[in-house]
There are 2 protein chains.
Amino acid sequence: ELQMITMPYENLIQPGDNPDLTKERKTASFNLWKMHCFVHEGEEVVKRRKEILEFVQSTHEFDDPVPAEFLSREEVVDRGARKAVVMTNKADAIDTSDFFGEGMYYQSLVIGRDLHSMSLHYIMFMPTIQGQSDDDQMDEWMAPTAARAFLGTFAQTELGHGSNLTKLEATATYDPKTEEFVLHTPTLTATKWWPGGLGKSCNVAVVMAQLYTNGECKGPHPFFVPLRDPDTHMPLKGVTLGDIGPKFGINGSDNGFLIFDHYRIPRRNMFMRFSKVLPDGTYVAPPHAKLGFGTMVFVRSIMIKDQSTQLGAAAVIAIRYSAVRRQGEINEGAGEVQVIDYRTQQFRLLPQLARAFAFLFAAYEIKTLYMSVTEQIGTGNVDLLPELHAVSSGLKAVVSWETAQGIEQLRLACGGHGYSRASAFPDIYTYAVGGCTYEGENIVMLLQVARFLMKCAKEVRIGNPKLANIGEYIARNDSGKARIRSWKQVTDEDIIHDFEAVARRMIFASYDRLKSCENAMTKKEAWNKCSIDLCKTARMHVKLYLIKVFLRRVATCDDAACKKVMHTLATLYAFDLISGASGYFMKGGFMSEQQLELVQSDLYEILEVLRPESVALADSWDMSDLELKSVLGRRDGNVYPALLEWAKKSQLNRTEVLPTFEKYLGPMMKEERSHL
Amino acid sequence: ELQMITMPYENLIQPGDNPDLTKERKTASFNLWKMHCFVHEGEEVVKRRKEILEFVQSTHEFDDPVPAEFLSREEVVDRGARKAVVMTNKADAIDTSDFFGEGMYYQSLVIGRDLHSMSLHYIMFMPTIQGQSDDDQMDEWMAPTAARAFLGTFAQTELGHGSNLTKLEATATYDPKTEEFVLHTPTLTATKWWPGGLGKSCNVAVVMAQLYTNGECKGPHPFFVPLRDPDTHMPLKGVTLGDIGPKFGINGSDNGFLIFDHYRIPRRNMFMRFSKVLPDGTYVAPPHAKLGFGTMVFVRSIMIKDQSTQLGAAAVIAIRYSAVRRQGEINEGAGEVQVIDYRTQQFRLLPQLARAFAFLFAAYEIKTLYMSVTEQIGTGNVDLLPELHAVSSGLKAVVSWETAQGIEQLRLACGGHGYSRASAFPDIYTYAVGGCTYEGENIVMLLQVARFLMKCAKEVRIGNPKLANIGEYIARNDSGKARIRSWKQVTDEDIIHDFEAVARRMIFASYDRLKSCENAMTKKEAWNKCSIDLCKTARMHVKLYLIKVFLRRVATCDDAACKKVMHTLATLYAFDLISGASGYFMKGGFMSEQQLELVQSDLYEILEVLRPESVALADSWDMSDLELKSVLGRRDGNVYPALLEWAKKSQLNRTEVLPTFEKYLGPMMKEERSHL
């Protein structure tokens, strides 16, 4: 069965395909099956992707009678709920323990670029049950949660409060007389706001609220809170709920608001794995301050994989369409060229493709790191935790922002058709760009990285640095001069050396500026004053990480042809980063103008070298039409007939004449005609 | 009546307002009325804005029972048609000859950030009637067009053909036997695609088609083409029409497709002001090759004003919200601060605000230039035409791209709430970003600027430059060193000098590279090879233009306080541009590292200086709540109650329990409960 695609391109090249696309697929220098295995971490994964794809394609309960882009918000929510139930009914189709791999893929095939009524139940509610319940609570809540006997969400963010958890306003006041907590949102800004599925779908929630007992506030704690009647689904007395309205994207999710009016829950509905409140109201503090940290890192590795997949999809669509689209002539009389022949177009496409791979490999890396750190923690070693935290926060910020920007660049590279929802770009963008905000606002994230870096710098200055992997370079000596050379001669070590040097210089420059500011004001004020530079420094540190990971991953590739082209792509990524940050590389004479000019001209040369590999590199992602959901990015390249077919499904085409004619336009024109 | 707002802030500060916002309004150093007059080019304009606003507010036929963001696509289209008819019925409310000023403003208040069924009738159909008809055609078509006895659109772009007009595929073949043209779309890719209002609203169109007569192709020409029956609105025989489906934004417009099957129109339906086809089929060529050029420039000045207004609106919303939103502490225990107190937040907001003003002033400039060039052309002088063309193309590209990026930066600066459509950001973005693609794809535009610049460079090199205003600096000698100084000492001339020098160096570097490439390949291939650098060069030229215009406009301000703060804002704009292009400024040792570091640290200092002016600078745009349509950007700052009120209107909140419960989620949970 797998023979089919071990023959290079057999599946991807079929009779009736757009001939330009077929031609492109034949110019690649590498075997596509081997590249799939490299990109997706092994043959087994690629085989499983194929099985899952076939399962979803052959399960007609997953079919959409009308594509989601033609539906109203109500219909999108309805579709999501319908499909989510079927999807979870049939969860046996996948290895549910592997959410990073099979779970995300399965969901992306079934639902597409959206969340649904049950997303938060799995992403946040269930992990909280698992992580925060004591043994008795586990016995009570875990089975029905896993079985979907109720649907939960996670309610933390408030109308007036986001990143700063300590200032949440919702309260849970313990009443020892009845042994209950009284949940209350004392102000309008305390209204819970944003939780996915909260508005209309869920009937329970984990609610974060300031715990008051015996007159003292003990800070925010999680509670298990029933919200709706299990039979009628009506909100319980004291609970006011609703949808927060339409958003930029992700409108299949009924993100909700939640108001409590002195709403009572039993004492044992407080999650008691760590903190407790005894029947008499005595508060028992948790043994360790910071827990559940690992889960957050894992969620970020999932986010980074998701983001890289969205940027990858955008690159696949734009590259395929650029091979199909013909416009303008390069040499007069030679006919219109494929737009991918334009150097400017290559420059819009290929660095983004490289970036998408860089992000994907970083996601793998973070996931692996997370697993090994979890193992270390088991042996009592927590040394790597702060670094892991720093790198995952930083990646989250850099990846989500560059993904968003990259998707739009790729969309614009497709001209007018990129603006149509037929292209899928609008849905990819609005879905992906949410990642800049949720799971930690990006500037806040970068400043957390900066805090870690300033701590490293301080250790180096004090002379006793204990920096592990990710921060180790900060302590290293600087050779003073950039080593970058022509892309055919430059080594991975040269590239890493230069990025390390620049990142290190920025770290110490920020550190010195911060220290000098601290002489004139409070530490917090100095931090605020230096924060723009601190963010820039953090970004460079993250870019260094990304380029390191990319090069390291390529070095492990065991197929020579795949390795070669991937290495060229990694070099393009590095050269593009240098070119975009040339001011930092030139500073202090670190990189000479000659070197920078070489980087620039080599960058263009690499574009030329990669030109014939472009479509096959896009194909390397192994994205089916079902996953892409894009008329422009179709495997067969038959874009134009498909665009017309798609357009005919438009809501407005259900009748030849719209009611607007009879109501407004017709009478107006008739009246005016009668006057002439 | 105007006394009301000559008293500073009286209208903007009202009882019950958010106190933080009121506080901010009181810290401004300038008189708001005077600033309104400066920003909007005089007292008369500001008065008229007030009158138009009051007219729209008091005309209840313009009211929306439900805000547009809660409507389905069909409902949005219906709303647009309804309001467009009322708006044009009541066109007496404005000076319709002033579309740049009153027309755009009126429409933005009535319709918001969308187009409607009649947009293209006015923007493109009517100007074509005026510009392309001969006298008899004028008599026949102009009156019913102006009266709206039919509704027209402009059909040029095809499914497979955009920017390259010469390759359009639709044909108009003259049949001398019947004295008719036969319109035909011989291939699928010849299908007309994109024209606004074409799908369902319009019943006539200007159609661009390749004219064939006596067996010869005479290139693309415009035709007046009836499409639908005036009474029944059904498509005429031989015409197939429809909507092209949902888009990223602008969904109130029924952009359409159009297929002709040997569809006949009379000979005189060819626009004959310039070219003609005689009854026997003889083709009479136009006297001049390039006409109607000025209109294009005028459309671009409108576009640039529209874009600057969208970026301005985004800045107003983000700045007001950043003054209202409190989050995190700078000094511990001092309470949560307004997020605008964070340096990183100021850096996200203020350079974008400055950019919006720069774009607005450039729009004024281009409009004025257009008028004076039109006057010159009247006297037979066309010297300025190529430069005017170059600067308007370049502005279109730079302004639309930076506007799009800026809006997203500002949206992200508002955290989660920026993602809600309540913020208006999603609608601002999807509306504005269309400008990167329509009216000329941005890269194509930049390459047109580059072509002009290379011509200038050639003239300089040859030694006989005839460069007028906009290109004059290219011939000037280079002093070799940057003059930039601390922002308190630097003069406008210093700033312009440095930008000119950098732009000039980039121009000649590009020129030399191009010439050297031309030795090894065809001119067209060399152009393609150098095109990335050519685009970068064009962008710098445009930025120089923007900074010049900004400084020049500020110099004309006759109020000292307004002038001072606006000059600081212009300096921020310049310093931010330098900082973002530091590699170019450092090249060849032009700007020293010390100078660049000064630019950087001054930039942060300017942010601090402008901090207390921020809200008043936002208020300077004179944008009413009706124009902003944003819960986050409300004049009164009472964001949180308004968010809740807005959310309650959500489509999903019409019933307490959605059908999804009864259909999918309820049965699933009930079933699972029964098993436990």
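We use all heavy atoms of the structure for the numbers below, so side chains are in, but hydrogens, waters and symmetry mates are not. None of the values given here were measured: they were computed from a predicted structure. Letters A, B, ... are given to chains in the order of the sequence lines, protein chains preceding strands, and every chain is numbered from 1.
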Inset, instruction - Using the test salt bridge (Lys or Arg N to Asp or Glu O under 4.0 Å), find all partners of B/Lys524 that sit at least two apart in sequence or belong to another chain. - result: A/Glu332
Legend entry - A/Phe425, part contacting chain B, at a heavy-atom distance under 4.5 Å: neither
Inset, instruction - Measure B/Leu644 against the heavy atoms of chain A and call it side chain, backbone, both or neither at under 4.5 Å. - result: both
Legend entry - chain B contact via A/Pro667 - side chain, backbone, both or neither, heavy atoms under 4.5 Å: neither
Inset, instruction - Enter the distance from A/Leu665:CG to B/Lys200:NZ here, rounded to the nearest 0.5 Å. - result: 13.0 Å
Legend entry - Region of B/His675 that comes under 4.5 Å of a non-hydrogen atom in chain A: neither
Legend entry - Basic-acidic side-chain contact under 4.0 Å: A/Lys587, B/Glu597: yes
Legend entry - Side chain, backbone, both or neither of B/Thr344 within contact of chain A (heavy atoms, under 4.5 Å): both
Legend entry - Heavy atoms of other groups near B/Lys663 NZ, more than 12 under 6.0 Å: yes
Inset, instruction - May I ask you to decide whether A/Glu441 forms a salt bridge with B/Arg348, counting only side-chain N to carboxylate O separations under 4.0 Å? - result: yes
Legend entry - Heavy-atom proximity to chain B below 4.5 Å, by part of A/Asp533: both
Legend entry - Listed partners of A/Trp527 passing ring pair (Phe, Tyr, Trp, His ring centres under 6.0 Å), at least two apart: none
Legend entry - Interface moiety of B/Glu525 toward chain A, non-hydrogen atoms closer than 4.5 Å: both
Inset, instruction - Check each atom of B/Ile330 against the heavy atoms of chain A and say whether the ones under 4.5 Å are side chain, backbone, both or neither. - result: both
Legend entry - Interchain contact, A/Glu408 with chain B, by part (heavy-atom threshold 4.5 Å): side chain
